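None of the values given here were measured: they were computed from a predicted structure. Naming: A, B, ... by sequence-line order, numbering from 1 per chain.
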Amino acid sequence: MAGGALPGFRDFYPDEFAHRAHIMRAWREVARRYAFVEYDGPPLEPLDLYTRKSGDEIVGQLYNFTDKGDRQVALRPEMTPTFARMVAARANGLRKPVRWFSIPQLFRYERAQRGRLREHFQLNVDIVGEPSEVADAELLTVAIDCMRELGLTSADVQARVSDRRLLTAMLDAIAVTSDAAIAAVLLTLDKAGKEQEPTGVTRLTTAGLTAAQAAAVFSWTRSDYSIEHVRREFANQPGVLQHLALLDSYFAHLSALGVGDWVRLDLSIVRGLAYYTGIVFELFDAKGELRAICGGGRYDNLLKELGGVDLPALGFGMGDVVLGELLKERGLMSRAVPARPDLFVIGGPGAPTEGMAGALKLIGALRAAGFSVDYGLSDKKYQAPPRGQFETAQKAGALAAIYYDGTGAITVKGVGGKFADAPTLQLPAPGLLSGAADITAQLTTFISSLSSNV
RNA sequence: GUGGCUGUAGCUCAACUGGUUAGAGCACCGGUCUGUGGCACCGGGGGUUGGGGGUUCAAGUCCCCUCAGUCACCCCA
C-alpha cells in the first residue's frame, strides 16, 4: 500500500520486532555456548571494498552513492570484506583460532521476493586460523544448533554438504578437466532439480562432455547418492579417496558433536562460485518450500586476496527472513511477543484520598525496586470507575493490577482468569513505598507466581 | 532487468451479469454495568476501493498506464 516503507524494507511493529528479537536472542545464545565473541563494523563502506574482488558489475546490486566528501560509498551487502579487513589489520595480535560472530543488517538492491528483501539481518559466524576439518564440523554444528535453539528439529531442517576439492577430484577421475567443462558442471549441479535433465545434458555436451560423462554428473545429484556410492565408484582413484577420508572424518566429528542426523552429502551444493575452497554447506527446510536458510563453507584463500593475510578461514551466513518464515510456518514464533509490564497501577478504593500524586509515588517506588510498571497517563483515567481500569490493566498485558485499597494498605491482584478467583496480595503501604527489602521480595514472589501461570 | 497473478478499513473478508450514501467481524476510542470477567450492552472514529487516466447516464466491478505485493526467470558476493 502507499506510504509504507521502501520496497524490500520492513517496518518492525512491536509484534514483528519481538519475532526479530526472538531470532537474535537464539543466535547470541548459541554463539555464547560455542565461545564465539561478537563484533561489528560500519554499515557504510568504501565502494571499492566490494568492487575490488567482484568487479564493477556488482554495483548494480549495491546501494551506492557519492558522499559529501566525494567518496564512492556503499551500504554493506555482506559482512565478509569488512570482517577480512578487521582480521587482517590485527592478524598478528589475534589469538588463533579466531571465533567471531556478528549480526549485521545487510543491503542489496534487487527485486524483492518472498524470503528475499533488500535489507535483512544476517548472523555471520567465522573461524580463522584453523585448517582442520574439525573446525568445519564445529562451524556447521553452530548453524544447526541455531535451528535447535529455535525449536526446529532434523525433521524440519536438513544440512546438505559438499566439497569443492572432492568434486574436482571426481571430475578429474572421469577426465573432465577444462575450465569451461567444470564451469558447466557446477552450473548444472546448482540447477539440479530446478531444470529438466535434457537441458542440463545439452549444456554439458556443448561444453565438451561425452554423454557418459554427463550421465555420471547427473547420477551424483540423485538424492540417495551417498558417500558410499562415491567410495565404490572411485575405489581406484587415490585423489578422490584422499578427499573422501577427510569427509569421513568430518562426518564422524559431526556425529560426535550430536548433529549427525541433520547432515547428508549433496554434491549439488555449489554455493555461488568464486571463493569457497573446501567443504561447503547449506541448510534447507525439509519440505523444500523455502530458499536456503543458511550457507557457508571454507574459504582458505579469501583473507589473502582481500586483506593480505594468509590464514585459513571458514564461515557461514544465516539470514533472518527465510528463517522467520519457517518458524512462523511451524508455529514456533507464537511465543515471541512484546514484553509485558509486571504491574499496572489503577485507582482503587483508596484513590480519592491518595490522589494522582500518591499513585505517582507508588509508581516511582515500584520502578526503583525494579518492577516494570504501566499506568493510565491522566488523572481522568485514574479517577475512572475501578472496573474499567481493571480491564485497562488486562489489555495493557500487565500481570497484576495494583492500587491503594482504602484501608491504608496496597493491594495487588492478578489480572488473569476470573476476578473473584484472582490471586491477591496485600502489602503495607509504608514498606512498599520505602522499598523495604522484605516487602518488595514478597511482591517479586507474587509476580513470578503469576507469570509462571501465563 | 523480463514475464504471469493479485491489490476494498489497522487485520480477515463482503458488495449479483457495471446500478442508491462501499458493509460485517475482530481491533481501536468513548460510555453503561460496584462486579462469575481475557464478559455483555450502547455509541463513535476510521476508506479518494493502491495511484492516475479512459469507456459509460452510471465504475470497487470494464480498458490503458503506473505503483506495490507475489510467483517464475536473472542474480544470489
For [N] and [M], measure between their [atom1] atoms and round to the nearest Å.
N	M	atom1	result
B:U6	B:G47	P	27 Å
B:U49	B:U61	C1'	10 Å
B:G7	B:G44	P	31 Å
B:G23	B:G46	C1'	14 Å
B:U55	B:C67	P	23 Å
B:G69	B:C62	P	23 Å
B:U48	B:C64	P	25 Å
B:U21	B:A59	C1'	16 Å

By nearest nucleotide on RNA chain B, pick out whichever of A:G388 and A:A112 is the more 5' one. A:G388
On RNA chain B, does the nearest nucleotide to A:E391 precede the nearest nucleotide to A:G115 from the 5' side, or the other way round? Give the residue. A:E391
Has A:Q113 got a side-chain N or O lying under 4.0 Å from the OP1 or OP2 atom of B:A72? yes
May I ask you to evaluate whether A:K191 reaches the phosphate of B:C76, defined as a side-chain N or O under 4.0 Å from OP1 or OP2? no
How are the rings of A:F83 and A:Y39 set to each other: parallel, tilted or perpendicular (split at 30° and 60°)? tilted
Mind telling me whether A:W220 and A:Y225 have parallel, tilted or perpendicular rings, with 30° and 60° as the class edges? tilted
Check the distance between [N]'s [atom2] and [X]'s [atom1] and give it to me in whole angstrom.
X	N	atom1	atom2	result
A:Y50	B:C76	OH	P	17 Å
A:R108	B:A77	CZ	P	9 Å
A:F9	B:A68	CZ	P	13 Å
A:F390	B:C39	CZ	P	13 Å
A:F107	B:C76	CZ	C1'	18 Å
A:D11	B:G69	CG	P	12 Å
A:R118	B:G1	CZ	P	8 Å
A:Q389	B:G31	CD	P	11 Å

Which nucleotide in the set [options] lies at the smallest distance from any side-chain heavy atom of [X]?
X	options	value
A:K380	B:A72, B:G30, B:A77	B:G30
A:R114	B:G69, B:G30, B:U70	B:U70
A:R111	B:U2, B:C39, B:G37	B:U2

A:R71 side chain to A:E45 backbone, donor-acceptor under 3.5 Å: no
Would you say the base of B:U70 and the side-chain of A:R116 have a donor-acceptor pair closer than 3.5 Å? no
Mate of [N] where both pairing distances stay under 3.5 Å, Watson-Crick or G-U:
N	result
B:U61	none
B:U21	none
B:A72	B:U2
B:U8	none
B:A77	none
B:C41	B:G31

Using a heavy-atom cut-off of 4.0 Å across all strands, would you classify [X] as base, sugar-phosphate, or nothing?
X	answer
A:G319	nothing
A:P77	base
A:L62	base

Are A:Q122 and A:D320 close enough that a side-chain donor and a side-chain acceptor fall under 3.5 Å? no
List the atom of A:P312, the atom of A:R298, and the distance in Å for their closest heavy-atom pair. CB-NH1, 3.8 Å
N-O pairing of A:R330 and A:D156 below 4.0 Å: yes
Please confirm whether A:R99 makes a cation-pi placement over A:Y34, using NZ or CZ under 6.0 Å from the six-membered ring centre and within 45° of the ring normal. no
